[in-house]
Q: 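Here's a structure for you.
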Amino acid sequence: MPELPEVETVRQGLAPFLIGSRILRVELRRGDLRFPFPDDFAKNLGGRRIVTLDRRAKYLLAGLDDYRTLVAHLGMSGSFRMEAEPLGAFLFPRNKNPAHDHVVFFLETGRLIYNDPRRFGYMTLASTGALADHPFFAGLGVEPLSNDFNGGMLTRLFAGKTAPLKSALLDQRNIAGLGNIYVCEALHRAGLSPLRAAGDLAGEIGERLACAVRSVLREAIEAGGSSLRDYRQADGSLGYFQHNFRVYDREGQACVGVDCRGTVARRAQNGRSTFYCPSCQI
DNA sequence: CTCGTCCCCTGGGAGC
DNA sequence: TGCTCCCAGGGGACGA
């Protein structure tokens, strides 16, 4: 489900409820998600105050007052929702099967519930100061919305790589936070074929791709992310960037590129669907 | 190292 | 209506 824009949208939605709020207790309804919860996970969270809420790649990071950080990854189908009354109506997305509510955080500000049908998500506690060295983060690539990310660095990053552009962009060790949707969308915006070798980016083309990546991510965050199946914003409302897809899930439809008469195609790369226009992506 | 394939899990939609 | 098959916003473990 969630790529960088969705996680960022969730972060922004949860921040007012979480930052400054104390965790009264945590209820684990099963012992594992993708991985087992660490020993004493719930116990160690009880009584802590959340002081920061950040995002790295597709991870949510809740910094605690004991210099540890609650790390959460939503996998494909994970979602957080906040049930709180101060804002009026209960914030309760109706589409969630309560059988998949796996973790409940009882906060001073309400209940924060983690729901995840496929259980590809995971959570852990890590030392805040050593986060960069944690196995989840040590190998992660550049944040595409950071100042470090631009055409020159992208060209250098991909230099010598024989993997197709699609795979290189999806690889979290290169750029952290892109997923299948936004890779497809960025490549279309840049007019680049997903099949082209990554090492092949000349200077001006690298700049075009970097700009496309940044613009699609920024616009998606602005739109509250993309709601396909399970994704909702933290308050249960839908994102609407899916209405702006140019290629993703548009197989057989007309390319929306200016002056392009092509048709959107789909093919498998690394076991996932790539959507692209063979006419204007070269 | 770098690639591709398979797998984890549940649910929704298409087709018969 | 009900079954089967395919597919899905992620990513880790393999083997070549």
Q: Distance between the P atoms of C/dG11 and B/dG12, in whole angstroms?
A: 23 Å
Q: Using whole Å, what does the distance between atom C1' of nucleotide B/dT5 and atom CD of A/Gln269 come to?
A: 14 Å
Q: In whole angstroms, how far is the C1' atom of B/dT10 from the CG atom of A/Asp101?
A: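 A/Asp101 atom CG is separated from B/dT10 atom C1' by 15 Å.
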Q: Check ring-ring contact (aromatic ring centres under 6.0 Å, His included) between A/Phe37 and all other residues, then give those that pass, not counting sequence neighbours.
A: A/Phe41
Q: Starting at atom NE2 of A/His102, determine the distance to atom P of B/dC9, rounded to an integer number of angstrom.
A: 12 Å
Q: Tell me whether the rings of A/Phe105 and A/Phe80 are parallel (<30°), tilted (30 to 60°) or perpendicular (>60°).
A: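 Plane angle between 30° and 60°, so tilted.
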Q: Rounded to whole angstroms, how far apart are CG on A/Leu228 and C1' on C/dA8?
A: 9 Å
Q: Rounded to whole angstroms, how far apart are CG on A/Asp249 and P on B/dA14?
A: 11 Å
Q: To the nearest Å, give me how far apart CZ (A/Phe120) and P (C/dC7) are.
A: 16 Å
Q: May I ask you to evaluate whether A/His100 reaches the phosphate of B/dC9, defined as a side-chain N or O under 4.0 Å from OP1 or OP2?
A: no
Q: In whole angstrom, what separates A/Tyr182's OH from C/dA8's P?
A: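 To the nearest whole Å, that distance equals 16 Å.
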Q: Main chain of A/Arg22, side chain of A/Glu108: is a donor-acceptor contact present, judged purely on distance under 3.5 Å?
A: yes
Q: With respect to the phosphate group of B/dG11, does any side-chain polar atom (N or O) of A/Ser77 fall under 4.0 Å of OP1 or OP2?
A: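 For B/dG11, OP1/OP2 do not have a side-chain N/O of A/Ser77 under 4.0 Å.
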Q: Under a 3.5 Å distance rule, please check whether A/Arg250 uses its side chain to pair with a backbone N or O of A/Arg246 as donor and acceptor.
A: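 Flag set: sc A/Arg250 to bb A/Arg246 pair under 3.5 Å.
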Q: Across the strands shown, which category fits A/Gly179 at heavy-atom distances under 4.0 angstrom: base, sugar-phosphate, nothing?
A: sugar-phosphate
Q: List the steps, then state whether ring pair (Phe, Tyr, Trp, His ring centres under 6.0 Å) holds for A/Tyr59 with A/Phe137.
A: CA-CA 9 Å; A/Tyr59 290 90; A/Phe137 302 99; 4.7 Å; yes
Q: Output, in order, the C-alpha distance, side-chain angles, deciding distance and verdict of salt bridge (charged side-chain N to carboxylate O under 4.0 Å, His left out) for A/Arg208 and A/Glu204.
A: CA-CA 6 Å; A/Arg208 220 165 68 206; A/Glu204 180 261 333; 3.6 Å; yes
Q: If each of A/Lys161 and A/Gly271 is mapped to the nucleotide of DNA chain B with the nearest heavy atom, which maps nearer the 5' terminus, i.e. the 5' end?
A: A/Lys161
Q: Establish, with yes or no, whether the OP1 or OP2 oxygen of C/dA8 is under 4.0 angstrom from a side-chain nitrogen or oxygen of A/Ser273.
A: yes
Q: Among C/dA8, B/dG11, B/dT2, which nucleotide has an atom closest to any side-chain atom of A/Asn97?
A: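 Selected nucleotide: B/dG11.
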Q: Looking only at heavy atoms, what is the nearest atom pair of A/Ser215 and A/Ala212, with distance?
A: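 That closest heavy-atom pairing would be OG-O, 3.2 Å.
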Q: Between A/Tyr248 (OH) and C/dA8 (P), how many Å, whole number?
A: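 Whole-Å distance recorded here is 6 Å.
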Q: Judged by atom type as modelled, is there a donor-acceptor pair below 3.5 Å linking the side chain of A/Asp148 to the main-chain atoms of A/Glu143?
A: no
Q: Can you find a donor-acceptor pair, distance only, under 3.5 Å between A/Arg118 side chain and B/dC9 base?
A: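 Present.
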Q: So, A/Asp116 and A/Arg34, do they make that salt bridge, N to O below 4.0 Å?
A: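 Looking at A/Arg34 together with A/Asp116, the answer is no, because their closest N to O distance does not fall below 4.0 Å.
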Q: Dump every N/O contact between nucleotides 11-14 of chain C and the protein below 3.5 Å, one line per pair.
A:
{"from": "C/dG11", "atom 1": "OP1", "to": "A/His73", "atom 2": "NE2", "distance (Å)": "2.8"}
{"from": "C/dG11", "atom 1": "OP2", "to": "A/Lys58", "atom 2": "NZ", "distance (Å)": "2.9"}
{"from": "C/dG11", "atom 1": "N7", "to": "A/Arg272", "atom 2": "NH1", "distance (Å)": "3.2"}
{"from": "C/dG12", "atom 1": "O4'", "to": "A/Arg34", "atom 2": "NH2", "distance (Å)": "2.9"}

Q: In whole Å, what separates the P atom of B/dC6 from that of C/dC6?
A: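 Pairwise P distance, B/dC6 against C/dC6, rounds to 13 Å.
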Q: OP1, OP2 of B/dC8 versus side-chain N and O of A/Arg119: anything below 4.0 Å?
A: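 Looking at the OP1 and OP2 atoms of B/dC8, neither is under 4.0 Å from any side-chain N or O of A/Arg119.
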Q: Is A/Arg266 touching bases, backbone alone, or none of the nucleic acid, heavy atoms closer than 4.0 Å?
A: sugar-phosphate
Q: Considering all heavy atoms of both residues, which atom of A/Leu209 and which atom of A/Leu192 are nearest to each other, and what is their separation?
A: CB-CD1, 3.9 Å
Q: Report the secondary structure of DNA chain C in dot-bracket form, marking unpaired bases with a dot and bases paired to a different strand with |, and treating Watson-Crick or G-U pairs with both distances under 3.5 Å as paired.
A: .|||||||.|||||||
